[in-house]
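Here the structure is laid out as structure tokens; the discussion comes afterwards.
Position 1 is the first residue of the sequence; numbering continues from there. Read the numbers this way: they start at 1 and go in the same order the structure lists the ligands and their atoms.
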Amino acid sequence: MKKLIVGNQKSYLKSNEVNDFIAGLRMVKDLSHVLICPSSIYMERYIKHNFITGCQDVSKYPSGADTGELSIEQIKSIGASFSLVGHSEQRSRKNETIEDTNIKIRQLLEEELVPILCVGESKAERDANKTEEVVLNELQGALDDLSTKDVEKIIIAYEPIWSIGTGIIPTNDEIENIISFIREYIEDNYHISGIILYGGSVNPHNIDTLNTIDGVDGYLIGGASSKIDEFIEIINKCTKEE
Ligand code: 13P
């Protein structure tokens with residue numbers, strides 16, 4: 001069992017804390033399955049130390065006259081290898097549409113960078129029993145008109161919005177069911193198995209239980225990926241060979 005670990009550090013860390021974090025992470029023996037998305041201003045520091053580094057979001061526009069944007073060409077030019085797309089915090093706060101997410105995925109693939117697509121329902125949608133419907137719509141929209149060759153390069157993260165940063169996670173059965181729902185969609189439409197992560201309040205206390213769920217290929221981790229001790233504990237618990 002070696003799970004893929006993606007750390008989304010959001011905007012948690014200040015400059016001096018990043019130095020400490022990098023120093024701590026460099027002590028970990030096996031980082032081959034660990035991907036880091038720091039704030040973009042820190043990305044080059046991680047890349048310099050050979051961490052697999054990506055972005056929390058990218059612009060849908062090419063490099064040019066776009067104040068405040070971060071283009072795919074720019075992140076590629078510093079050695080980033082992937083980007084999150086469609087994160088619920090981007091979608092809710094910056095009005096990103098599913099069509100925007102689809103454009104970003106296409107452009108990342110064109111530049112040979114890996115998109116990590118986030119999907120997941122809100123609390124109201126969950127309460128209305130609409131989890132599968134929401135996730136299906138998001139998959140259909142984000143993957144619209146992509147080929148099998150494209151989709152096999154994409155990582156999908158199921159992140160229920162109500163679980164992000166709340167300490168509340170779905171039951172193991174709920175996670176297993178929705179991950180298998182996503183996998184079936186990918187298998188039926190693209191004849192590949194896909195790489196599917198779970199995200200939302202993953203921490204050192206629940207990781208052992210999460211690791212018992214069938215079909216979860218890894219985790220997209222927010223808060224705990226900015227606390228070096230917690231992050232290392234999670235990495236170690238997801239590195240054990242069977
Ligand atoms: P938390 O792990 O803080 O709940 O965040 C999850 C997340 O949004 C990762 O992208």
Looking at Lys94, Gln90, Lys60, which hits side-chain hydrogen bond (donor to acceptor under 3.5 Å, both in side chains) with Asp100? Lys60
Atom 2 (O) of ligand 1 sits nearest the protein heavy atom Gly222 N, 2.9 Å
For Lys123 and Ile161, what are the C-alpha separation, side-chain angles and deciding distance, and is it a side chain to side chain contact (heavy atoms under 4.5 Å, CB included)? CA-CA 7 Å; Lys123 171 89 170 62; Ile161 298 168; over 6 Å; no
Is there a nitrogen or oxygen of [X] sitting under 3.5 Å from a nitrogen or oxygen of ligand 1?
X	result
Leu84	no
Ser201	yes
Gly199	no
Gly200	no
Glu89	no

Are [X] and [Y] packed together at the side-chain level, in the sense that at least one heavy-atom pair is separated by less than 4.5 angstrom?
X	Y	result
Asn189	Leu143	no
Val18	Pro38	no
Arg91	Ile98	yes

Answer yes if the side chains of Ser63 and Gln74 hold a donor-acceptor pair under 3.5 Å, and no otherwise. no
Any residue meeting ring pair (Phe, Tyr, Trp, His ring centres under 6.0 Å) with Tyr190, in chain and number order, not counting sequence neighbours: none
Any atoms of ligand 1 less than 4.0 Å from a non-hydrogen atom of [X]? List them with their elements.
X	value
Gly223	1 (P), 2 (O), 3 (O)
Lys10	5 (O), 6 (C), 7 (C), 8 (O)
Glu159	6 (C), 7 (C), 8 (O), 9 (C), 10 (O)
His87	7 (C), 8 (O), 9 (C), 10 (O)
Asn8	9 (C), 10 (O)

Indicate if Ile207 and Ile175 have the same hydrophobic cluster label, given that clusters are the connected sets of ILVMFWY residues with side-chain heavy-atom separations under 4.5 angstrom. yes
Under a 4.0 Å heavy-atom limit, does Ile164 contact ligand 1 with its side chain, its backbone, both, or neither? both
One should read off an interatomic distance between Glu152 CD and Ser193 OG, to the nearest 0.5 angstrom, of 11.0 Å
For Gly165, is the nearest heavy atom under 4.0 Å from an atom of ligand 1? yes
